[in-house]
Amino acid sequence: ESQYRQAILSNAIAVYTYNITEDTIYDEIIEQEGVDPLLPKMGLTVPCSYNEYISKKSELIVDRQTAENFRRTFCTRTLADMYNSHRRSFDTEYEFKIGSRVGYFREAVIITQDMETGDLWGLTYVRDVTGEHDQAKQVEQALRDAFDQAQHANSAKTLFMSQMSHDIRTPLNAILGMSMIAQEHISDAARVNDCLEKIQTSGHQLLEIINNVLDLSAIESGKTTLASEPFDLKVFIDDTAGTIRTLTDKKRQRFVVEISEGINYSVIGDQAKLRQLLMNILSNAVKYTPDGGEIHLSVKELNPDHHGVCRYLFTVKDNGIGMSQEFLHKIYDPFVRADDHRISGIQGTGLGMAITKNIVDMMGGTIEVQTEQDKGTEFIVRLPFRTQPEHHRIEKISELEGLKALVVDDDFNTCDSVTKMLVKVGMRSEWTVSGKEAVLRARQSMELGDAFHAYIIDWRLPDMNGIEVTRQIRSLDDNTPIIILTAYDWSDIETEARTAGVTAFCAKPLFMSDIRETLMAAIGQKQ
């Protein structure tokens, strides 16, 4: 008997024994340790009426219909009828509320007869199955979510195939059409060349679509791994910015790159994946920003080198068409594009941001989006990179220490950044956003006997370009080294610039190593 009782109590919160014939619950009520007895909460003490206990207990049941059925099922008359019809046991489950707690009880009843007195006795075994219900609900919700996701994925793939059929056919038809035209005009070199250029453009579009599908498939299947190779963040940003400028120039967009001063650019990681990540975001910014708009890429170092790891903040901001808050919740879903008439003519597979999010996750980073329709979008990406052991130390250059330089750029941030770099190598630095003021300062400095020893001038200034500023400074018989700072390819203007007196060129964004190397080369010395 003790083993039987122990087995029952290991799972029950209470076991009640009662005389059905006499309608009495006796004091053989055993409560599980740590569980408050129910009878005192009902205002009952043993011995007490069993039917009264059932009535009060039904008041704890949440559903009124269930409560009424509970009273009818558990009353002494029903229990006696069950025994007489040879039904000696049954169980039921119901939702209860005690105070602020809502849960589920499961009760099992066993009916026996005392052979000596003929009285019917009942044993009720009570279990709290709230945890099982919660677990069942979680499983049910998980199954429902999985079903919804499967339906969503199927719908998305169906929509994707519909869109892809158009996106694939468009460049493919162009390739076939241009090939036929070229064949028909094979002797017309200009016509054939035009067809070949269009074939190449369409081929690149088709390749991009196929690559996106294959990249996402490889990432989701876990077959993609991250490379670990040293690379120069400065060179990487220069190359990426150069590629994007070929796109922004076609749409007459202003593309600005800002790099925080003193950034450590000797890192170890997967630059191919980083390029794919940034190119996806930047190319979207170009596509969804109207002609003449602005796109900004900024790179900052969030924290100093910590155990050989630095965290970097990459921000891409545009003043394009933006996105709705509704679509923002689905931006990383594969095969999904915004349902927006403004992008109906813009090609895309709906895979770029899904790939981007996967790459960010693989790298152990984070990505955030801030957007507003018709005002623009900002992507904020935080990524960790291991640093290379040999860091470039920022040291003063004795040959330049104390010499004065003038920075001329219409962007305040560039002026501020370059000025701080010059100070770090030991120079005195001033700046202005005007080409005319730069010429005036050059003249005044010479007259005051404190001439500049270096000029760093932006090629594209609002009042006059850097080449004209150079001509006017040279007209003052000032032979100081002049460095043209530009975000563009300077090969087309190099001859004119050299003739005007430009000493050297330096690409934006400017790094500390650029300052050191260019200045030392400009004064004809080596570090």
Side-chain angles (χ1 to χ4, degrees), residues 1-140:
E1 182 181 351
S2 61
Q3 292 178 347
Y4 170 73
R5 180 174 295 182
Q6 186 62 39
I8 292 177
L9 288 178
S10 63
N11 292 312
I13 60 169
V15 176
Y16 302 93
T17 56
Y18 42 90
N19 190 311
I20 297 173
T21 304
E22 296 181 356
D23 180 28
T24 305
I25 298 178
Y26 287 97
D27 58 355
E28 292 184 11
I29 299 172
I30 307 168
E31 301 289 349
Q32 190 181 67
E33 185 178 353
V35 177
D36 294 332
L38 285 177
L39 290 178
K41 291 182 180 180
M42 300 176 187
L44 299 173
T45 56
V46 292
C48 62
S49 166
Y50 170 79
N51 284 327
E52 184 181 2
Y53 158 71
I54 292 300
S55 177
K56 287 184 176 294
K57 195 168 187 178
S58 67
E59 295 174 3
L60 302 177
I61 298 175
V62 174
D63 181 68
R64 292 300 89 198
Q65 183 62 40
T66 303
E68 181 61 30
N69 291 336
F70 181 85
R71 280 193 293 271
R72 287 199 303 266
T73 302
F74 280 83
C75 70
T76 54
R77 175 181 293 180
T78 302
L79 297 181
D81 290 343
M82 284 185 181
Y83 183 83
N84 292 331
S85 61
H86 305 289
R87 186 180 176 189
R88 308 298 166 84
S89 64
F90 68 94
D91 60 69
T92 189
E93 194 172 288
Y94 55 88
E95 185 180 14
F96 70 86
K97 183 176 182 181
I98 300 176
S100 60
R101 181 173 180 250
V102 176
Y104 290 86
F105 279 163
R106 186 171 189 83
E107 296 198 12
V109 175
I110 300 173
I111 308 170
T112 60
Q113 186 175 34
D114 188 328
M115 294 296 102
E116 294 183 3
T117 63
D119 290 350
L120 294 179
W121 285 81
L123 180 145
T124 297
Y125 169 86
V126 185
R127 288 178 57 220
D128 188 335
V129 293
T130 305
E132 296 175 19
H133 262 262
D134 291 344
Q135 187 176 9
K137 285 182 178 179
Q138 290 175 2
V139 172
E140 182 181 352

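Keep in mind that what you see is a predicted model, and the values were worked out from it rather than measured.
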Chemist: Hey, what do you get for CG (Leu44) to NZ (Lys57), rounding to the nearest 0.5 Å?
Modeler: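 Those atoms lie 11.5 Å apart.
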Chemist: Could you work out, with side-chain hydrogen bond (donor to acceptor under 3.5 Å, both in side chains) as the rule, every residue matching Glu22, not counting sequence neighbours?
Modeler: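 So Glu22 forms a side-chain hydrogen bond (donor to acceptor under 3.5 Å, both in side chains) with Tyr26.
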Chemist: Of the non-hydrogen atoms in Leu123 and Thr17, which two are nearest, and what is the gap between them?
Modeler: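 Shortest heavy-atom separation between Leu123 and Thr17 comes out as CD1-CG2, 4.1 Å.
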Chemist: Is the closest side-chain donor-acceptor distance between Thr76 and Asn51 under 3.5 Å?
Modeler: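 Asn51 and Thr76 do have a side-chain donor-acceptor pair below 3.5 Å.
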Chemist: Checking Leu120 against Leu79 for the side-chain contact (heavy atoms from CB on, under 4.5 Å) test, could you report, in this order, the C-alpha distance in whole Å, the side-chain angles of both residues, the deciding distance, and whether it holds?
Modeler: CA-CA 9 Å; Leu120 294 179; Leu79 297 181; over 6 Å; no
Chemist: Under the side-chain contact (heavy atoms from CB on, under 4.5 Å) rule, what do His86 and Arg88 come out as? Steps first, then yes or no, please.
Modeler: CA-CA 6 Å; His86 305 289; Arg88 308 298 166 84; 3.4 Å; yes
Chemist: Please tell me whether Thr24 and Asn19 have a donor and an acceptor in their side chains that are separated by less than 3.5 angstrom.
Modeler: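 Their side chains do not contain a donor-acceptor pair, so the 3.5 Å distance test is not met.
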Chemist: Say you draw a straight line from OH of Tyr50 to CG of Asp23; how long is it, rounded to the nearest 0.5 Å?
Modeler: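 Answer for the OH-CG pair, Tyr50 versus Asp23, is 9.0 Å.
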Chemist: Ignoring hydrogens, what is the shortest heavy-atom contact between Phe105 and Val129? Give both atom names and the distance.
Modeler: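 The answer is C-CG2, 4.2 Å.
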Chemist: In Å and rounded to the nearest 0.5 Å, what is the CG to OH distance from Asn69 to Tyr94?
Modeler: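 Between Asn69 CG and Tyr94 OH, I get 13.5 Å after rounding to 0.5 Å.
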Chemist: On a heavy-atom basis, which atom in Arg87 and which in Ile111 lie closest, and how many Å separate them?
Modeler: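 Where Arg87 meets Ile111 most closely, the heavy atoms are O-CD1, 4.2 Å.
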Chemist: With respect to Glu132, which candidate in Arg106, Arg127, Lys137 satisfies the salt bridge (Lys or Arg N to Asp or Glu O under 4.0 Å) definition?
Modeler: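 When Arg106, Arg127, Lys137 are each tested with Glu132, the salt bridge (Lys or Arg N to Asp or Glu O under 4.0 Å) holds only for Arg127.
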Chemist: Could you check whether Tyr18 and Thr124, counting side-chain N and O atoms only, form a donor-acceptor pair closer than 3.5 Å?
Modeler: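 Yes - a donor-acceptor pair under 3.5 Å links their side chains.
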Chemist: Donor-acceptor check, side chain of Asp63 to backbone of Glu95, threshold 3.5 angstrom: yes or no?
Modeler: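 No.
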Chemist: Between the side chains of Glu59 and Lys56, is the shortest nitrogen-to-carboxylate-oxygen separation below 4.0 Å, so that they form an ion pair?
Modeler: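 The answer is no: the pair does not qualify as a salt bridge.
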Chemist: Using a 6.0 Å cut-off, check whether atom CZ of Arg77 has over 12 heavy atoms from anything other than its own residue.
Modeler: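 It does not: Arg77 CZ has 12 such atoms or fewer within range.
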Chemist: How close do Ile54 and Phe74 get, heavy atom to heavy atom, and via which atoms?
Modeler: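 Nearest pair, atom of Ile54 first, then Phe74: CD1-CB, 3.6 Å.
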Chemist: Counting N and O atoms only, with roles assigned by atom type, does the side chain of Thr130 sit under 3.5 Å from a partner on the main chain of Tyr104, one being a donor and the other an acceptor?
Modeler: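 Flag set: sc Thr130 to bb Tyr104 pair under 3.5 Å.
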Chemist: Can any side-chain N or O of Gln113 pair as donor or acceptor with the backbone N or O of Gly118 at less than 3.5 Å?
Modeler: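 A pair under 3.5 Å: yes.
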Chemist: With a 4.0 Å cut-off on N to O distance, would you call Glu68 and Arg64 a salt bridge?
Modeler: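 No, no charged N to carboxylate O under 4.0 Å.
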Chemist: Do any N or O atoms from the side chain of Ser85 and from the backbone of Met82 form a donor-acceptor pair under 3.5 angstrom?
Modeler: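 Judged by distance alone, yes, a pair lies under 3.5 Å.
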Chemist: Please give me the minimum heavy-atom distance between Phe70 and Ser58, naming the atom from each residue.
Modeler: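 Taking Phe70 first and Ser58 second, the nearest heavy atoms are CD2-CB, 4.0 Å.
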Chemist: Output the distance between atom OG1 (Thr92) and atom CZ (Phe90), rounded to the nearest 0.5 Å.
Modeler: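 Going from OG1 on Thr92 over to CZ on Phe90, the span is 8.0 Å.
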